[in-house]
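The structure under discussion appears below in the form of structure tokens.
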Number of protein chains: 2
Amino acid sequence: MASEHDTDRRAARVSAPSTAAQARDTLRDAILRGEYLPGERLVEAQLCERLQASRFNVRAALQDLSAEGLVEVQRNRGAQVRKVSMAEAVEITEVRMVVEGLIAARAAERVAPEQATELDEIGVLMRRAVEAGEHRRYSDLNVRLHALVRSIAGHQTADRIVETLRGQLVRHQYMLSLLPGRPQTSLPQHERIIAAIRDRDPKAAEAAMRDHISSVIDALRSMDYLGPA
Amino acid sequence: MASEHDTDRRAARVSAPSTAAQARDTLRDAILRGEYLPGERLVEAQLCERLQASRFNVRAALQDLSAEGLVEVQRNRGAQVRKVSMAEAVEITEVRMVVEGLIAARAAERVAPEQATELDEIGVLMRRAVEAGEHRRYSDLNVRLHALVRSIAGHQTADRIVETLRGQLVRHQYMLSLLPGRPQTSLPQHERIIAAIRDRDPKAAEAAMRDHISSVIDALRSMDYLGPA
DNA sequence: GAAGAGGTGATTGTTGACAATCTTGTAAGC
DNA sequence: GCTTACAAGATTGTCAACAATCACCTCTTC
């Protein structure tokens with residue numbers, strides 16, 4: 001049932017995740033993968049079996065994920081996967097917009113020649129993927145681009161916040177990628193971001209990144225009309 | 001963020017803060033007030049007495065504050081008040097700059113007439129405080145101004161993040177307020193923020209807020225030369 | 001005298017049991 | 001029939017004891 005996935009620092013072992021940190025990572029992965037739906041109750045006893053961890057560690061994991069905004073804990077009522085309303089999703093993305101704008105600006109200030117080359121390469125691959133209609137590939141490249149920009153910027157604080165915010169709306173983002181015509185809209189935006197960073201123009205990079213994420217917000221809002229799943 | 005019942009964290013009632021949330025709030029207050037210095041070890045047994053709470057709740061409190069970035073916990077090595085380096089303080093303030101910029105812009109979009117009046121009142125009081133050399137009073141008004149702007153904006157996500165970031169560098173901010181000449185620098189910046197929001201000009205409000213916090217960053221950097229206490 | 005091994009006290013990590021609380025299902029009263 | 005009261009079950013909150021680990025000190029060895 002579980003296929004190993006990429007995405008993070010260390011692969012989650014399902015064999016013996018006895019410690020608190022392992023339980024937390026495994027549970028986070030499960031939620032992000034959609035194995036628990038928003039609003040679903042997370043009963044401690046069940047999680048103990050699922051994660052092969054003691055209740056103590058399960059509890060710690062839930063508390064951690066609560067701080068990350070992935071689950072919601074109510075006193076004496078247990079935990080449930082946090083439901084993120086459309087309004088909240090917009091708020092979250094607005095914050096992401098300004099913070100990633102900061103990251104882009106800083107990336108433009110610090111980019112090294114090899115990194116600029118790597119950015120351009122991703123840009124080329126993106127265009128090819130869109131022209132070939134390979135949505136999945138384009139989506140992967142999108143993730144890679146944002147990650148590369150963040151690594152160029154080297155801004156730990158901003159990084160952490162963006163990562164947390166991203167986690168809170170994976171579900172919405174997934175739905176977003178299914179919107180028809182999205183790649184045609186976002187490709188030129190991505191190219192502008194790449195160009196601005198490559199040209200070491202912080203202001204242009206920030207503006208390009210904000211424009212890009214701003215259009216993501218518009219897309220989110222349009223989804224709201226189609227149906228607030 | 002987990003518990004909905006947010007009691008104001010003012011009174012240091014040591015009488016019966018038995019629950020986890022109370023222990024957390026009391027401990028946070030103590031750290032923010034400087035009763036525990038950065039780098040100082042937080043031994044669970046000692047905290048049990050200090051907070052009149054069981055070790056279980058103390059542990060939960062430490063975990064929460066770790067998620068907030070106020071303390072750092074190392075496995076098998078206990079917790080200590082997190083040391084925020086100058087570089088980190090700058091990073092944190094940079095993120096605060098863009099997020100509070102977003103908040104200011106949104107406040108300018110949504111400000112109601114009564115709120116505009118209240119802003120102006122704070123502006124007048126600030127000027128008086130500076131002219132009278134009442135630093136403490138000016139500092140309080142500063143906090144009040146930022147809080148009012150945030151309440152006008154009504155942006156929960158941004159609010160939460162700014163609040164968390166603020167907590168992480170209370171120590172630095174305190175030192176900052178002692179810098180001579182600071183009020184003379186920041187007063188006109190505050191007045192620009194107020195004017196932009198009052199005039200319902202989001203772009204100007206964002207720019208003014210960013211300029212203001214940008215100068216805070218400069219001040220932070222200058223402190224670094226004086227001595228990285 | 002320096003380096004390493006080993007023991008000891010202090011501190012944290014974990015467990016299982018028990019108490020407090022909420023939810024659900026059922027029955028009585030209007 | 002509908003609402004309210006109550007009891008049973010399920011779930012979470014809390015605790016105190018025990019196990020694991022670490023930091024420090026002493027002693028041996030070269």
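FYI, side chains are in, hydrogens and waters are out, and symmetry mates aren't considered; it's all heavy atoms of this structure. Chain identifiers are assigned alphabetically (A, B, ...) following the order of the sequence lines, protein sequences preceding nucleic acid strands; residue numbering begins at 1 within each chain.
Here the side chain of B:Gln168 pairs a donor or acceptor atom with the backbone of B:Glu68 at under 3.5 angstrom. No side-chain donor-acceptor contact under 3.5 Å links B:Ser66 to the backbone of B:Leu62.
In this structure, B:Ser54 does not reach the D:dT14 phosphate: none of its side-chain N or O atoms is under 4.0 Å from OP1 or OP2. Neither OP1 nor OP2 of C:dT11 sits under 4.0 Å from any side-chain N or O of B:Arg77.
Toward the 5' end of DNA chain C, the nearer of the two residues B:Gln74 and A:Asn76, judged by each one's closest nucleotide, is B:Gln74. Mapped onto DNA chain C by nearest heavy atom, B:Gln46 and B:Arg75 fall at different nucleotides, with B:Gln46 at the one closer to the 5' end.
Put simply, CG on A:Leu42 is 9 Å from P on D:dT12, counting in whole angstrom units. The interatomic distance linking A:Gln80 (CD) with C:dT23 (C1') rounds to 14 Å, in whole Å. To the nearest angstrom, P of C:dT15 lies 13 Å from CZ of B:Phe56. Protein atom CG of A:Asn57 is 9 Å distant from nucleotide atom C1' of C:dG13, rounded to whole Å. Remark: C1' of D:dT14 and CD of B:Gln63 are 16 Å apart, rounded to the nearest angstrom. Note: CD (A:Glu44) to C1' (C:dT21) measures 13 Å, nearest angstrom.
A donor-acceptor contact under 3.5 Å is formed by the side chain of B:Arg55 with the base of C:dG13.
Counting heavy atoms of neighbouring residues, nucleotides and ligands inside a 6.0 Å radius, atom CD of B:Glu109 exceeds 12 of them. The number of heavy atoms from other shown groups lying within 6.0 Å of CD (A:Gln156) does not exceed 12.
Residue B:Leu62 is out of contact with every strand shown, counting any heavy-atom pair closer than 4.0 Å.
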